[in-house]
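All chains are named by letter (A, B, ...) in the order of the sequence lines, taking the proteins before the strands, and each is independently numbered beginning at 1. As the structure is a prediction and not an experimental result, all values here were calculated from the model.
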There are 2 protein chains.
Amino acid sequence: MNHLSTPVLSQIPDIVVSRLPIYLRTLRLLKDQGVEVTSSQELGELLGLSSAQIRKDLSHFGEFGKQGTGYNVAYLCNQLEKILKVDCVWPVILVGAGYLGHALASYTGFEHRGFRIVAVFDNDPAKIGSTIGAITVQAVEAIPSAVKQHRCQIAILAVPASAAQQVAEQLIEAGIKSILCYAPITLTVPPHIRVEYIDPVIYFQHMTFYLEKGCIEE
Amino acid sequence: MNHLSTPVLSQIPDIVVSRLPIYLRTLRLLKDQGVEVTSSQELGELLGLSSAQIRKDLSHFGEFGKQGTGYNVAYLCNQLEKILKVDCVWPVILVGAGYLGHALASYTGFEHRGFRIVAVFDNDPAKIGSTIGAITVQAVEAIPSAVKQHRCQIAILAVPASAAQQVAEQLIEAGIKSILCYAPITLTVPPHIRVEYIDPVIYFQHMTFYLEKGCIEE
DNA sequence: GACTGTTTGTGATAAAATGATCAAGAATAT
DNA sequence: ATATTCTTGATCATTTTATCACAAACAGTC
């Protein structure tokens, strides 16, 4: 029995990884403002986190700071981009050309943060062939070839909840590895597929727990 | 020194509260499918969580199940809706009438889960006066009166990052208590204001950490 | 009614995350 | 030069969170 047969993919706690994009986003903002050096304390104040947490998170990946001075903003940005593998542009496909799909396909903020929507799909004949910006909406049957052509690993799922599970299975079958799901359901997927969810109602319901009840009716 | 001077708002861990909306969403789905009874194990399998975690989470709020049988789906839905205070409809205002704002204002899935967008605002004169469904876009100056009129505590922020902080301050000034922020920045707000963030790029960058690097270009 | 199958709710335990502390390095002031 | 002030990265302590394991409760069956 070879205890190294499965390479240890990452001992980094997922919760640490989940904070890195937040750090990067704020560092890019500082960089754009012309800030050259920052500290864990300044970052912590901007993000509502403790300085110790930020230092500890970063220490999983190396030593990026200098005692007495802090962190060079541009350098730390670069390092985080490498760690997160966003020092390049990832192709993303989008399924669902409704209002939400349009909003996502038209959003110009993806590219400079490492992502580009390269194809859009829908199953509505009325939408197939129409264009969103420079992209032509294709039939969902064209997903597998597009995934292969662009070597795409990431998909956005912006279809109604009733169709989401089925489309997710098509995506996985086509070779997609990670799905960002806007449908308000929990997908059932194989363990090697990563799914992240965006459902605004989940956030609303989290908020209302802490609010004084104040409703319109019923 | 009166140890009860500040009423203990909630000893419930926030991480427990954050899972309740997920439970509710899945229970509603089961209910719609005609399922009358479920178990912590079934729920756990649907959600990718352990049955013990679900039982323990629920136990913070009462005893909702029956040994040997499990949980009555309709009853547990009802209880969770009460706990989360979504056994009614909350008014929500939306700032930002771009593509995203349109998608949100047109989305029909809010109402039956406890939320209704009652007003939309933008600062673009070209958009003010236009309508989205039954709602007329108003100038941001009208926010305070709308918040008062609807007794609104929740706002969606769907404006560009460059405007988000300033608009957030206007919302708080107007009496908004919780903000769902779609702008890719971290807002600076007083401690009694709750902000939740939705930035798809954060999820993408979380995904790419675990993917094999595969990019279009530098 | 006794027996078998489940499934809950919970105290005990283990694991994980966070926070506090501090030596050492670096910049600045004296 | 020397002292002072910062700030990092590591270690240790504390708190929080998740898991385990099981008695008690219930439904169904013989």
### Task
Answer yes when Lys82(A) and Asp87(A) have at least one side-chain N-carboxylate O distance shorter than 4.0 Å, and no when they do not.
no
Side-chain donor-acceptor pairs under 3.5 Å in residues 164-173 of chain B, sequence neighbours left out?
{"unit_1": "Gln165(B)", "atom_1": "OE1", "unit_2": "Thr188(B)", "atom_2": "N", "d": "3.0"}
{"unit_1": "Gln165(B)", "atom_1": "NE2", "unit_2": "Glu169(B)", "atom_2": "OE2", "d": "2.8"}
{"unit_1": "Gln165(B)", "atom_1": "NE2", "unit_2": "Thr188(B)", "atom_2": "O", "d": "3.0"}
{"unit_1": "Gln166(B)", "atom_1": "NE2", "unit_2": "Gln170(B)", "atom_2": "OE1", "d": "3.3"}

### Query
Is the ring centre of Phe64(A) less than 6.0 Å from the ring centre of Tyr71(A)?
no
### Assigned glycosidic conformation for dG5(C) [threshold 90° from 0]
syn
## Note on the structure
Note: for Pro13(A) and Thr38(B) on DNA chain C, the residue whose nearest nucleotide lies more 5' is Thr38(B)
### Query
Hey, is the side chain of Tyr71(A) poking within less than 4.0 Å of OP1 or OP2 on dC6(D), counting only N and O atoms?
no
### Task
May I ask you to verify if any side-chain N or O of Ser40(A) is less than 4.0 angstrom from the OP1 or OP2 atom of dT8(D)?
yes
### Summary
Asp199(B) meets the salt bridge (charged side-chain N to carboxylate O under 4.0 Å, His left out) criterion, sequence neighbours left out, with Arg25(A), Arg113(A)
### Query
Tell me: CG of Asn72(B) to P of dA27(D), nearest whole Å?
13 Å
### Task
Any strand is fair game: report the nucleotide pairing with dG1(C) by Watson-Crick or G-U wobble, both distances under 3.5 Å, or none.
dC30(D)
### Value in whole Å for how far the C1' atom of dT19(D) lies from CG of Asp57(B)
12 Å
### Task
Whole angstrom is fine here: how far is it from CD in Gln11(B) over to P in dT17(D)?
13 Å
### Separation of atom CD1 in Ile12(B) from atom C1' in dT16(D), rounded to whole Å
14 Å
### Message
For Arg194(A), is there an ion pair with Asp14(A) - N to carboxylate O distance below 4.0 angstrom?
### Response
yes
## Note on the structure
The correct set of residues in residues 49-56 of chain B placing a heavy atom under 4.0 Å from DNA chain C is Arg55(B), Lys56(B)
### Message
What is the separation between atom CG on Leu47(B) and atom P on dA18(D), rounded to the nearest whole Å?
### Response
14 Å
## Note on the structure
Here the distance between atom P of dG9(D) and atom CZ of Phe61(A), to the nearest Å, is 13 Å
## Note on the structure
Under a 4.0 Å heavy-atom criterion, DNA chain C is touched by chain B from dT6(C) to dA12(C)
### Task
Could you state the atom-to-atom distance from CD of Gln79(A) to C1' of dT8(D) in whole Å?
16 Å
Expected list for residues 26-36 of chain A: side-chain donor-acceptor pairs under 3.5 angstrom, two or more places apart:
{"unit_1": "Thr26(A)", "atom_1": "OG1", "unit_2": "Ile22(A)", "atom_2": "O", "d": "3.2"}
{"unit_1": "Arg28(A)", "atom_1": "NH1", "unit_2": "Glu81(A)", "atom_2": "OE2", "d": "2.8"}
{"unit_1": "Arg28(A)", "atom_1": "NH2", "unit_2": "His112(A)", "atom_2": "O", "d": "2.8"}

### Query
Centre of Phe110(B)'s six-membered ring, under 6.0 Å away, within 45 degrees of the axis: is that where NZ or CZ of Arg116(B) sits?
no
### Task
Can you tell me the pairing partner of dT5(D) across any strand shown, Watson-Crick or G-U wobble, with both distances under 3.5 angstrom?
dA26(C)
## Note on the structure
Quick note, Gln67(B) side chain, CB onward, closest among dA24(D), dA27(D), dG9(D) is dA24(D)
### Between P of dT8(D) and NZ of Lys66(A), the distance in whole Å
12 Å
### Query
For Gln41(B), what residues pass the side-chain contact (heavy atoms from CB on, under 4.5 Å) criterion, not counting sequence neighbours?
Ser39(B), Glu45(B), Ser51(B)
### Task
Evaluate the side chain to side chain contact (heavy atoms under 4.5 Å, CB included) criterion for residues Ile135(B) and Val118(B): first the C-alpha distance (whole Å), next the side-chain angles of each, then the deciding distance (0.1 Å), finally the verdict.
CA-CA 7 Å; Ile135(B) 303 171; Val118(B) 295; over 6 Å; no
### Task
Using a heavy-atom cut-off of under 4.0 Å over every strand shown, decide if Leu58(B) touches base, sugar-phosphate, or nothing.
nothing
### Among Leu157(A), Leu104(A), Leu180(A), the one residue meeting side-chain contact (heavy atoms from CB on, under 4.5 Å) with Leu94(A)
Leu104(A)
